Amino acid sequence: MTVPEGWGDFFVATAGAAGALAGLIIVAMSVNIKQILDIPSMTSRAAATVGSLVLIVVSAAAGLVPGQGPRLLGGEVLLFSLVALGLTLDASVRMLRAAPAEWRTSTWAKVVLALVQVVPFSVGSVVLLTGSYAGLYWIAAGIVLVFAGSVGNAWVLLVEILR
């Protein structure tokens with residue numbers, strides 16, 4: 001059994017785009033490494049961003065493996081999403097601990113947005129584990145959310161960190 005028609009093209013496109021964006025973020029980190037290291041929560045935030053993009057790449061690659069059914073794909077994506085969720089939770093805790101009181105509300109907003117990006121992968125993988133390819137739509141939503149959030153984090157790592 002293979003993913004339904006059309007999903008292969010989606011996975012190929014998203015894997016390439018996520019790989020390119022992950023590369024951009026890694027370059028941004030290397031260019032601004034001193035500033036990143038000087039901000040207590042920034043290294044974990046960068047790691048969570050790269051981790052969520054890698055989640056797209058490995059989930060898309062798993063979706064392209066021929067002949068596997070939804071349950072096996074669901075198990076793979078669940079494993080990958082739990083790793084990315086762990087990175088995101090670590091970054092969230094560090095951001096909240098490092099945030100001054102006057103930034104607490106905006107920091108909570110960043111935490112919620114970061115979690116909202118990764119959770120659809122876990123939900124989608126659980127739906128896939130039931131044998132339904134409908135879980136792919138949850139994963140697609142997660143992919144779109146990770147792209148949006150990662151572009152924002154790339155901007156922070158390239159530009160805002162220097163202000």
Side-chain angles (χ1 to χ4, degrees), residues 1-29 41-42 44-66 68-96 105-161:
M1 191 173 220
T2 298
V3 295
E5 187 175 334
W7 284 100
D9 293 338
F10 176 76
F11 285 145
V12 168
T14 56
L21 189 51
L24 170 66
I25 290 172
I26 290 169
V27 168
M29 290 169 54
S41 63
M42 195 56 67
S44 59
R45 183 174 174 183
T49 302
V50 172
S52 63
L53 289 165
V54 171
L55 172 60
I56 292 174
V57 172
V58 296
S59 296
L64 292 170
V65 174
Q68 69 178 343
R71 288 183 177 90
L72 182 56
L73 178 59
E76 294 163 350
V77 174
L78 181 60
L79 177 66
F80 305 145
S81 67
L82 290 176
V83 171
L85 189 58
L87 290 169
T88 302
L89 288 171
D90 177 62
S92 298
V93 168
R94 291 173 190 258
M95 285 171 49
L96 288 167
T105 302
S106 66
T107 302
W108 269 107
K110 291 174 190 171
V111 165
V112 169
L113 288 173
L115 291 170
V116 164
Q117 294 173 43
V118 178
V119 168
F121 286 90
S122 299
V123 173
S125 64
V126 170
V127 173
L128 286 168
L129 286 170
T130 70
S132 171
Y133 277 115
L136 294 176
Y137 292 98
W138 280 95
I139 293 169
I143 288 170
V144 170
L145 291 168
V146 166
F147 278 139
S150 296
V151 167
N153 284 335
W155 178 259
V156 168
L157 292 165
L158 280 168
V159 176
E160 293 299 323
I161 201 163

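Computed from a predicted structure; not experimentally measured. Index from 1, following the sequence.
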Mutual orientation of the aromatic rings belonging to F10 and W7 [parallel < 30°, tilted 30-60°, perpendicular > 60°]: perpendicular
Using modelled atom types and a 3.5 Å cut-off, is there a donor and acceptor pairing between side-chain atoms of [X] and backbone atoms of [Y]?
X	Y	value
S150	F147	no
S59	I56	no
Q117	T49	no
R71	L128	no

Stepwise side-chain contact (heavy atoms from CB on, under 4.5 Å) check, L157 with M42: CA-CA 9 Å; L157 292 165; M42 195 56 67; 3.9 Å; yes
Minimum heavy-atom distance [X]-[Y], with the two atoms named:
X	Y	answer
P70	G131	CG-O, 3.4 Å
V57	A18	CG2-CB, 3.7 Å
S52	V146	OG-CG1, 3.6 Å
F121	G142	CE1-C, 3.5 Å
W138	P120	O-CB, 3.3 Å
S44	D90	CB-OD2, 3.7 Å

Check against side-chain contact (heavy atoms from CB on, under 4.5 Å), L89 and L115: CA-CA 8 Å; L89 288 171; L115 291 170; 3.7 Å; yes
Nearest-0.5 Å distance, [atom1] of residue [X] to [atom2] of residue [Y]:
X	Y	atom1	atom2	result
L136	S125	CG	OG	11.0 Å
L53	I25	CG	CD1	5.0 Å
N153	E160	CG	CD	11.5 Å
L82	L87	CG	CG	11.5 Å
L55	L85	CG	CG	9.5 Å
T107	R94	OG1	CZ	15.5 Å

Min side-chain heavy-atom separation L79-E76 under 4.5 Å: no
